[in-house]
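The structure appears below as structure tokens.
Below, chain A is the first sequence line, B the second, and so on; all start at residue 1. Reckoned from all heavy atoms, side chains included, excluding hydrogens, waters and symmetry mates.
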Amino acid sequence: MSENTTEDRSTEIPPNFVEERVAADRAAGRNAGRVQTRFPPEPNGYLHIGHAKSICLNFGLAQTFQGKCNLRFDDTNPETEEVEFVESIQADVRWLGFQWDGAVRYASDYFQQLHDFAVTMIKAGDAYVDGRTTEEIRATRGDFHTVGTPSADRSRSVAENLDLFARMKAGEFADGTYVLRAKGDLASADMKMRDPLMYRIRHAHHHRTGDAWCIYPIYDWAHGQSDFIEEITHSICTLEFVNHRPLYHWFLDKVGAAPLPDGGASAPAASYARPEQIEFARLQLTYTVLSKRRLQELVEKKFVAGWDDPRMPTLAGLRRRGYPAAAIRAFCERIGVATRDAIVDVSLLEFAVREALNATAPRSLAVLDPVKVVLENFEEAVTFDAPFGPDLPGVDSEAAKITRKLRLTKEIFIEREDFMEVPEKKFFRLAPGQEVRLRWACIIKATRVEKDETGKITTIYATWDPDSVGGQPKDGRKIKGTIHWVSAEDAIDAEVRLYDRLFQAENPMGDKENWLASVNPNSLQVVTAKLEPSLAARAVGECVQFERIGYFTVDKDSAPGRPVFNRTIALKDSWSPKK
RNA sequence: UCCGGCGUCGUCUAAUGGCUAGGACAGAGGAUUUUGAUUCCUCUUAUCGGGGUUCGAGUCCCUGCGCUGGAACCA
């Protein structure tokens, strides 16, 4: 992590409530002052920016308190999980700038131990095998107003439960015939405590354990116990798990975790080791959908080209779009962590991206919608050095002084919208009889235009001021406007993909049934642009600024002689919105 | 409707019973500028309602309202 400009700001951001809780726990001597967190994705999709918030929180906590953070795949559902996702998730976490402690962990590493814990629970009379169907179980669980009713299975003997569970594990039964349930409280107002399921039978191939198991633990049984096994101290999750917390602790008690201290009144024993679940609000962004299911739907229904389509809010998509990891980290820090549902304005993310790119991206000249300009009084081509920059106020950087050769030729291209035959007021660019500066090159003045039969301008004729090479007229006259340009002779062609937001609705999920209706039909526009030659040397993933237009990055679809650039984000524009 | 969580500028967030409710983004205005970018300056805007406790309440209590999660062999 070398991007200090953005990261130094973290010192201005006050600690969030999770950090305060962790600090308080350490002060109270819990877990002997250790901090051990974990990021626990299920490998059933790509990570998105919502996960980035969790990653920054968990790994950030470990950094702040000299602790450790595990990467643990919550792979307890073999039917939806794949190796592809296991790999992409690791790549994304690393790209974000974090390294987990030790080896990658898997909940499936603990299948045997989880099984043994379950056997212990059966022996203690805390779990039983239920042979009823999903429908029957659901019906007898009761609802918000009525308590559940026990079935005969609930009073099975320990020996019989042990036998049945062993046969479940041995593969004697078909999917769905039996489940192992904890003996909770069927009258609890907390539905989670009404005899929660611990195991179901699934004769499915697991991406890691293969066919070794046909019983798989359910989240509530697997997650907290995995935390316990890994000696996690703070198990951070999102708000929808608040309802699970009593069960989380109930199971921990059953497997022998140190008892909760008495409200913190007395200092816990030195051996005290018990994870604590802390919930925070998941990230929601305007004009964005952040749910794996929905993102998968966008991919499957071909609204985008894949999980890493630059319009996707996946980390893979944002990376390909050109969003720097440092910008995402800075964003995650600034939005804070709290327990209230919030929808963050996407402009906050965009600000972080522009901020990071403005400080780092080399500048270059590119014309997206070219129109030819012929310099009538121009004879010999002029070659000169132009700095890549960026030229930042208050920053004297040697790297910014690196230059490339630029050549001014008789024929150039400029942006079509930088010329107006009849200029409106405050149009500081090229117009007949009006002077404008060509960035780094010289001052020109338009004389006349040529049009085709439709009235479209095909060529602009102009004269140049030979006493203005470099862009500064010798007589010192003020030139208000500066526009970008490329030499018609030297320019290279490139495919440029102009991305816009994927959704037109601020809250695409506002209409849950028709959320796909708010997909922006113009979220991708492809143009053939004219670029200055130096841009041909940029490598895939490099970020540059096309001056006066925006930030762009080289896409992996680039081919020799045919670069492809993705627009990461446009520059702020305080001019055109007024039109 | 039963149980739980949550309500502070347009948005996100700070305040830990005590300065004029602070910051960032967004928005508006201005200065500088060889990018109408950047940078700099200025400004607008908030404690869900009603009671109570207190010298003092965004913060504590009661109550109402609103939003949100929960009755998967998903996580």
Ala222(A) versus Thr76(A), closest heavy-atom pair with distance: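 It is CB-CG2, 3.7 Å.
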For [N] and [M], measure between their [atom1] atoms and round to the nearest Å.
| N | M | atom1 | value |
| --- | --- | --- | --- |
| U1(B) | C9(B) | P | 26 Å |
| C3(B) | C62(B) | P | 15 Å |
| C6(B) | C74(B) | P | 30 Å |
| G49(B) | U8(B) | C1' | 15 Å |
| U44(B) | U11(B) | C1' | 16 Å |
| U33(B) | A15(B) | C1' | 39 Å |
| U59(B) | A24(B) | C1' | 23 Å |

Quick one: list whatever passes side chain to side chain donor-acceptor pair (under 3.5 Å) with [X], sequence neighbours left out.
| X | result |
| --- | --- |
| Tyr128(A) | Asp195(A) |
| Thr177(A) | none |
| Arg404(A) | Glu532(A) |
| Thr339(A) | none |

Mind calculating the distance between [atom1] ([X]) and [atom2] ([N]) to the nearest angstrom?
| X | N | atom1 | atom2 | value |
| --- | --- | --- | --- | --- |
| Tyr248(A) | G4(B) | OH | C1' | 19 Å |
| Glu435(A) | U34(B) | CD | C1' | 14 Å |
| Phe384(A) | U34(B) | CZ | P | 17 Å |
| Arg194(A) | C3(B) | CZ | P | 12 Å |
| Phe280(A) | G5(B) | CZ | C1' | 15 Å |
| Leu285(A) | A26(B) | CG | C1' | 15 Å |
| Glu415(A) | G36(B) | CD | C1' | 14 Å |
| Arg439(A) | U38(B) | CZ | C1' | 11 Å |

Presence of Arg548(A) side-chain N/O under 4.0 Å of G36(B) phosphate oxygens OP1/OP2: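 Yes.
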Given RNA chain B, 5'-ward residue of the pair Val242(A) and Ser468(A), judged by closest heavy atom: Val242(A)
Stems formed with participation of RNA chain B [Watson-Crick or G-U wobble, under 3.5 Å, three or more pairs]: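 Stems (3+ consecutive pairs) listed as B:2-7 with B:65-70, B:10-13 with B:22-25, B:27-31 with B:39-43, B:48-52 with B:60-64.
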Minimum-distance nucleotide to Lys478(A) side chain [options: U34(B), U38(B), C25(B)]: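 Out of U34(B), U38(B), C25(B), the nucleotide with an atom closest to Lys478(A)'s side chain is U34(B).
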Partner set under side-chain contact (heavy atoms from CB on, under 4.5 Å) for [X], not counting sequence neighbours:
| X | value |
| --- | --- |
| Asp391(A) | none |
| Asn358(A) | Arg363(A), Leu392(A), Tyr551(A) |
| Ala182(A) | Met121(A), Pro196(A), Met198(A), Trp250(A), Phe251(A) |
| Phe428(A) | Lys426(A), Lys480(A) |

Aromatic stack Phe428(A)/G36(B): centroid gap under 5.5 Å, interplanar angle under 30°: yes
Whether Glu415(A) side chain and Leu368(A) backbone form a donor-acceptor pair below 3.5 Å: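 Yes, Glu415(A) side chain to Leu368(A) backbone: donor-acceptor pair under 3.5 Å.
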Pi-cation contact, Tyr106(A) with Arg208(A) (under 6.0 Å, within 45°):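 Yes - Arg208(A) lies over the ring of Tyr106(A), closer than 6.0 Å to its centre and within 45° of its axis.
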Remember a base hit wins even if backbone is also touched, and classify [X] as base, sugar-phosphate or nothing at under 4.0 Å, heavy atoms.
| X | answer |
| --- | --- |
| Gln545(A) | base |
| Lys292(A) | nothing |
| Tyr551(A) | nothing |

Counterpart residues, ring-ring contact (aromatic ring centres under 6.0 Å, His included), relative to Tyr46(A) (two or more places apart): Phe85(A), Trp307(A)
Sugar-phosphate or base contact per nucleotide [nucleotides 12-23 of chain B; S, B, -; heavy atom under 4.0 Å]: SSSSB-------
Letter per nucleotide, 5' to 3', of nucleotides 69-75 of chain B [B base touched, S only sugar-phosphate touched, - untouched; heavy atoms, 4.0 Å]: BBBSBSB
Base U1(B) paired with His145(A) side chain (donor-acceptor, <3.5 Å): yes
Within 6.0 Å of NZ in Lys445(A), more than 12 heavy atoms from elsewhere: no
